[in-house]
Amino acid sequence: MSVLASARKPARVIPGFGITLGFTLAYLSLFVLIPLSTVAFKTIDMGWSGFWGVLTDPRTQHALYLSFGTALIAALVNAVFGLLIAWMLVRYTFPGRRLIDAAVDLPFALPTAVAGIALTALYADNGWIGSILHGLGLKVAYTPIGIVVALVFIGLPFVVRSVQPVLEDLNLDVEEAAATLGATRWHTFSRVILPAALPSLLTGFALAFARGVGEYGSVIFIAGNLPKVSEIAPLLIVIRLEEFNYAGATAIAALMLAISFLGLLAINLLQAWNRRRTGGE
């Protein structure tokens, strides 16, 4: 009996649970948990009164509001248009498709400072696009709108690459069956395509949002960095460090960490709820 039981056990390519769990915890502790806990401990050292003073500072509040607000707007924009781009790349064949598919990953490879300089030159009042928008009374560079543009640029690949594999696995027969049963295009999209792509779409949204909250290089050039106007929280942390105000810098970092954690937790809970609702594992 024991011989049969051992014969039924699947072969494990990677060592057993104990070894892999120990390596996982050690790796996460060394590169994730310990650095983040240092931020928390440094914040505790400054006391509640000092932390509350940083929290209630109007400049800090505006920087946090701007960072999270623009990241949320950019992630929502990428969720809509990233889904459309992924759909186009999966469902249609056209000249230059491979080139467009490769261009989606360009923000991953391009240094963020280079992207910021390019976007600033493009959307400045004398730039190719900025001059047209300026003539229409819309200013992009050195405003919060410019921050959204930069975050859309660096966050788009997260949504496209998260949704694309799911759409590739979605069989065309499902859409044809829905059309055969009399479903309109909107009903096919809302009842068949979107439920299947929603978990991966939420994942891409979360990744784009998280990247946008902490983005620095591509934003500082196009933002203008005016306090209480276009100053993002990561830049304010750098300013506090240059002022040797290490307690203030860690307090802002701790606030960003807490808000980011709560936001990602909410998205994960939403994904879990969607899987239970649709009967997924």
Side-chain angles (χ1 to χ4, degrees), residues 17 20-46 48 51-52 54-57 60-80 82-83 86 108 147-148 151-152 154-166 194-216 219 232-237 249-281:
F17 175 75
T20 52
L21 177 61
F23 176 81
T24 300
L25 293 178
Y27 190 87
L28 288 177
S29 299
L30 183 62
F31 292 103
V32 179
L33 298 180
I34 293 177
L36 295 182
S37 63
T38 303
V39 174
F41 289 140
K42 286 288 186 181
T43 305
I44 293 174
D45 290 340
M46 68 185 302
W48 173 249
F51 181 76
W52 181 255
V54 175
L55 181 63
T56 55
D57 179 41
T60 301
Q61 290 180 346
H62 188 276
L64 290 170
Y65 173 80
L66 184 65
S67 291
F68 284 94
T70 53
L72 178 61
I73 294 173
L76 290 173
V77 171
N78 280 328
V80 175
L83 177 61
F108 284 152
I147 299 176
V148 174
L151 297 184
V152 168
I154 58 101
L156 180 63
F158 291 100
V159 178
V160 176
R161 295 312 184 208
S162 296
V163 176
Q164 194 172 357
V166 177
L194 186 59
L198 186 58
S200 59
L201 185 62
L202 288 174
T203 300
F205 170 83
L207 292 173
F209 173 74
R211 172 67 188 275
V213 167
E215 179 59 23
Y216 180 80
V219 174
I232 58 174
L235 176 62
L236 185 57
I237 293 175
T250 53
I252 298 172
L255 282 171
M256 293 189 67
L257 177 62
I259 298 173
S260 299
F261 176 78
L262 292 176
L264 293 177
L265 178 62
I267 294 172
N268 287 331
L269 292 176
L270 182 61
Q271 287 179 307
W273 171 81
N274 181 71
R275 284 194 297 266
R276 291 195 300 269
R277 184 177 64 86
T278 56
E281 296 182 357

Asker: Are any of the side-chain heavy atoms of Thr60 and Leu55 separated by less than 4.5 Å?
Answerer: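 No; the side chains remain at least 4.5 Å from each other.
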Asker: So, taking the atom named CG in Leu64 and the one named CD1 in Ile252, what distance separates them when rounded to the nearest 0.5 Å?
Answerer: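 One finds 7.0 Å between CG of Leu64 and CD1 of Ile252.
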Asker: Less than 4.5 Å apart, any side-chain heavy atom of Val219 and any of Leu151?
Answerer: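 They are in contact (side-chain heavy atoms under 4.5 Å apart), so the answer is yes.
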Asker: Taking all non-hydrogen atoms of both residues into account, name the closest pair between Ser67 and Ala233 and its distance.
Answerer: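 Nearest heavy atoms, Ser67 then Ala233: OG-N, 2.8 Å.
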Asker: What is the minimum heavy-atom distance between Ile154 and Phe158, and which atoms define it?
Answerer: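 Ile154 and Phe158 have their closest heavy atoms at O-CE1, 3.5 Å.
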Asker: Check whether Ser260 reaches the backbone of Leu257 with its side chain - one donor and one acceptor, N or O, closer than 3.5 Å.
Answerer: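 Here the side-chain-to-backbone pair does not exist.
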Asker: Where do Asn78 and Gly155 come nearest, in terms of heavy atoms and distance?
Answerer: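 Minimum heavy-atom contact is ND2-C, 3.4 Å.
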Asker: Within this structure, what is the OG1-CZ distance for the pair Thr56 and Phe51, rounded to the nearest 0.5 Å?
Answerer: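 So the OG1 of Thr56 and the CZ of Phe51 are separated by 10.0 Å.
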Asker: Which distance, rounded to the nearest 0.5 Å, do you find between the OG1 of Thr203 and the CZ of Arg161?
Answerer: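 Reported value, rounded in 0.5 Å steps: 16.0 Å.
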Asker: If I take atom OG1 from residue Thr70 and atom OH from residue Tyr65, how far apart are they, to the nearest 0.5 angstrom?
Answerer: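 So the OG1 of Thr70 and the OH of Tyr65 are separated by 10.0 Å.
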Asker: Do you know the tightest heavy-atom contact between Leu83 and Val159?
Answerer: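 Looks like N-CG1, 4.2 Å.
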Asker: Ring-plane angle category for Phe205 and Phe209, please: parallel below 30°, perpendicular beyond 60°, tilted otherwise.
Answerer: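 Parallel.
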Asker: When rounded to the nearest 0.5 angstrom, what distance separates CG in Leu202 from CG in Leu207?
Answerer: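 Here the interatomic distance stands at 11.0 Å.
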Asker: If you compare all heavy atoms of Leu264 against all heavy atoms of Ala210, which two are closest, and at what distance to 0.1 Å?
Answerer: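 Closest approach of Leu264 to Ala210: CD2-CB, 4.3 Å.
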Asker: Grab the two heavy atoms, one from Glu215 and one from Pro234, that are nearest each other, plus how far apart they are.
Answerer: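 Nearest pair, atom of Glu215 first, then Pro234: O-CG, 3.9 Å.
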